[in-house]
Amino acid sequence: MPPDADHPEQIYVTTPIYYVNDRPHIGHIYTTTVCDVFARYHRFSGRDVFFLTGTDEHAAKVVDAAAERGLTPQQWADRNAGEFRDTFQRLRLSHDDFIRTSETRHIQRVQQYVKALLESGDVYLGDYEGWYDAGQEEYVPENKAKQYEFKSPINGKPLVRKTEKNYFFKLSAYREQLLALLESSETVDGCTFDVRPAARRNEVIQRIKDAEDVPISRTGSTGWGIPVPGDEAHTIYVWIDALFNYLTTVDIDDRRKYWKSGPVHVIAKDILWFHAAIWPAVLLALRKCNGYEWVNLPKLVYSHSFWISEGQKMSKSLGNFIDLEKIDEYVERYSLDALRFFLSAEGPLGPTDSDFSAAQFHECYNTNLVNTLGNCASRVAAMIGKYFDGKVPDPGNSKRELDGYVWPQTTGDIVSSCCAAYDAFDLYNAIDGAIGLIRIVDGFINATEPFKLAKDESKRDELSLILYQCAEALRIASLLLWPVCPDKIAELWRAYSLDINPAAGTLHELAQWGGLKPGTAIKKIALFPRLDAPERSTAAAT
Ligand code: ME8
């Protein structure tokens, strides 16, 4: 549904907040990029978007990494948070805020929430003994620890038996409510909640059935972390502190509307349990507290899979790690928009991992960007240049059918299905629809052969109609591709003299057939240069 301009719908989309023990890598850039595509699509559609990313700083691994370098955790966090911020800016990601969990605005609110939960009894003091995964900073349930032979399912290091006096969150009290929410798409206690893809939702459902209360504090604090209000000997567990970022950032007057619209949390499968079980339960508990009745649940937790690299899990020792230097090489060689396109079109949005390989990147670039988008844009511009002096011809009735092509209907159907795919965070089908439209234009050119008609003066009207229809369909496809390739599409718009400002939120109006005015000047354009295939399988540029 096209949005209502007078009452724009709010869209709140978040990435995970990233650990600052190290610099950003392709995984962080991937999640932030797909959220950026989603945010740009919604802004262009006239919605009121708030896009949040940031850094998670109170982890023990930050303390360790800082100590190795003789720095304080704050110094190391500052340095790496700066790297994340600079990288995201360089990659022109369009987040509206960047939250750091060491900021006062976050710390104060987390303490308020925990205080409210202590008062309501959903957080209580107790004893905990269990198998602790130090790398992940989480306890592993007994049955899972056994299944993995008491080693970390993530990094294979031995789990440690640990006993602690801890504050606990009463997760077990929310099992039924969570199951009801996850097993139906219906409203429970005024809330809806969904986890996608469905395979991930099912995993969570299985695990919730025997969920126990979870410890949410640590003792023996290093002074790095948020103290439990009223009991400074305990520090709030980094995961609870981190999850709250989604709420702390918008828990101010003019931003609460974003929370109320139901956030969309985009994460990877590694942190599914925290987002799809613990977080909604904490929110259900908070909403029972005085003054927090407005706190509803996320609309969606979207859990994508992992990038692997050159067919194997990414690792620094294997030399297949896609770090910032490698990412910069790809951007330099292929363009930032090519990276965005590859990540969005071939990334692990579904339930299986995707392979980041130099050969696959190159293939995707050639097929979609050089041979389809770039080629069609330059082909249409060249013909209009040659046969109509670089001015869009007057088609007469631009809806007239030629060779069975019913253009307004074709573009109308594609715009609807493509927007429905964007709305559903289904970037594969959104991109497939837009690129598919360009392929239809190519097929139309091949079927109607305007280059032959141009030789016959009596076919001038037909030629005008064909080239108008090509340019118009391409214009509509460009609108659909803008969220993915904003720079290159802006370049296309400049060459086609189209004055489009995506911030005006007019995607749906602009996507109507007939928007292109006859007489519009069109210049020659070469969007994506043809490049040699990479020589080595692990390098982007040699
Ligand atoms: O888990 N493929 O932070 P983190 C795709 N601070 N995405 C990947 C990836 C890969 N190979 N590797 C990482 C944390 N990611 C916590 C989150 S949120 C309240 C706290 C992405 O720095 C993916 O989004 O380990 C994953 O969930 C996230 O980075 C983990 O980032």
Side-chain angles (χ1 to χ4, degrees), residues 13-36 38 52-62 65 77 80-81 83-84 87-88 93 98-102 106 110 133 135-138 154-155 195 200 216 225-226 236-249 263-280 282-283 298 301-316 318 320-324 326-327 342-344 346-357 425 427:
V13 59
T14 69
T15 71
I17 48 170
Y18 305 113
Y19 285 131
V20 284
N21 56 312
D22 213 338
R23 305 169 73 207
H25 60 67
I26 194 68
H28 305 130
I29 288 163
Y30 172 65
T31 313
T32 317
T33 298
V34 291
C35 289
D36 182 78
F38 186 70
L52 178 66
T53 189
T55 45
D56 183 0
E57 310 199 348
H58 294 130
K61 52 183 160 190
V62 176
N80 281 316
E83 283 269 9
F84 273 92
T87 302
F88 290 174
L93 296 163
F98 186 103
I99 180 85
R100 296 183 55 187
T101 54
S102 58
H106 175 76
V110 169
D133 182 337
Q136 288 301 102
E137 308 224 9
E138 67 171 316
I154 309 291
N155 62 19
V195 176
R200 300 277 177 244
I216 62 139
I226 306 181
I236 297 167
Y237 175 36
V238 63
W239 260 105
I240 296 297
D241 162 356
L243 285 165
F244 274 129
N245 91 85
Y246 303 128
L247 188 58
T248 60
T249 312
V264 173
H265 297 314
V266 183
I267 56 160
K269 59 185 179 180
D270 55 337
I271 55 177
L272 176 66
W273 178 246
F274 293 102
H275 285 82
I278 296 177
W279 180 227
V282 166
L283 291 167
V301 169
Y302 193 97
S303 172
H304 63 71
S305 301
F306 269 181
W307 280 104
I308 56 169
S309 166
E310 304 292 343
Q312 283 172 291
K313 187 175 185 305
M314 272 203 293
S315 106
K316 289 193 175 157
L318 282 176
N320 67 346
F321 197 80
I322 314 276
D323 57 14
L324 281 183
K326 207 48 44 92
I327 292 163
F342 178 65
L343 294 180
S344 309
E346 305 211 353
L349 266 195
T352 48
D353 292 346
S354 293
D355 191 14
F356 195 116
S357 82
F425 215 90
L427 300 190

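This one's a predicted model, so the numbers in the text were calculated from it and none came from an experiment. One-based numbering along the sequence shown. Whatever order the structure lists ligands and atoms in, that order sets their numbers, starting from 1.
- Close contacts of ligand 1 with I271, meaning ligand atoms under 4.0 Å from a residue heavy atom, involve 1 (O), 17 (C), 27 (O).
- Within the structure, the closest approach of W239 to ligand 1 falls below 4.0 Å when heavy atoms are considered.
- The protein heavy atom nearest to atom 17 (C) of ligand 1 is I17 O, 3.2 Å.
- A donor-acceptor pair under 3.5 Å is formed between the side chain of D323 and the backbone N or O of K326.
- Considering S305, A59, G27 only, the shortest heavy-atom separation from atom 21 (C) of ligand 1 involves G27.
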Practice task
Let me see the working for L283 and L247 under side-chain contact (heavy atoms from CB on, under 4.5 Å), right down to the final yes or no.
Solution key: CA-CA 10 Å; L283 291 167; L247 188 58; 4.2 Å; yes
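- If you number the atoms of ligand 1 from 1 as listed, the ones under 4.0 Å from a heavy atom of D56 come out as 6 (N), 16 (C), 20 (C).
- Between Y246 and ligand 1 there is a heavy-atom distance shorter than 4.0 Å.
- Within the listing of ligand 1, atoms 19 (C) sit less than 4.0 angstrom from a heavy atom of A242.
- Every atom of ligand 1 is numbered from 1 in the order shown, and the set under 4.0 Å from a heavy atom of H28 is 4 (P), 22 (O), 29 (O), 31 (O).
- Ring geometry, H275 versus Y246: the interplanar angle falls from 30° to 60°, so the pair is classed tilted.
- Under the 30°/60° scheme for interplanar angles, the aromatic rings of F38 and F425 are found to be tilted.
- Nearest non-hydrogen protein atom to atom 24 (O) of ligand 1 is T31 OG1, 2.7 Å.
- The aromatic rings of F321 and H25 sit perpendicular to each other, their planes meeting at more than 60°, with 30° as the lower class boundary.
- Here the heavy atom of the protein found nearest to atom 2 (N) of ligand 1 is W307 N, 2.9 Å.
- Distances below 4.0 Å separate heavy atoms of M314 from the following atoms of ligand 1: 11 (N).
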Handout entry: T101/T248 under side-chain contact (heavy atoms from CB on, under 4.5 Å): CA gap, chis, key distance, verdict
Key = CA-CA 10 Å; T101 54; T248 60; over 6 Å; no
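- Regarding atom 25 (O) of ligand 1, its nearest protein heavy-atom neighbour is Y19 CD1, 3.5 Å.
- Proximity annotation for atom 27 (O) of ligand 1: of D270, T15, T14, D270 comes nearest, heavy atoms only.
- Within the 3.5 Å criterion, the main-chain N or O of N320 finds a donor-acceptor partner in the side chain of S309.
- Looking at ligand 1, you'll find an N or O of A268 within less than 3.5 Å of one of its N or O atoms.
- The backbone N or O of S305 lies less than 3.5 Å from no partner atom in the side chain of D353, so there is not a single donor-acceptor pair.
- Taking a cut-off of under 4.0 Å to the non-hydrogen atoms of H304, the atoms of ligand 1 that pass are 5 (C), 7 (N), 24 (O).
- The OG1 atom of T87 lies 9.5 Å from the CG atom of L93; values are rounded to the nearest 0.5 Å.
- Looking only at distances, a side-chain donor or acceptor of S354 sits under 3.5 Å from a matching main-chain atom of E346.
- Scanning all protein heavy atoms for the shortest distance to atom 10 (C) of ligand 1 gives F306 CD2, 3.5 Å.
- Remark: the backbone N or O of G311 is paired with a side-chain donor or acceptor of D355 at under 3.5 angstrom.
- Scanning the protein heavy atoms around atom 13 (C) of ligand 1, the nearest turns out to be H25 CE1, 3.6 Å.
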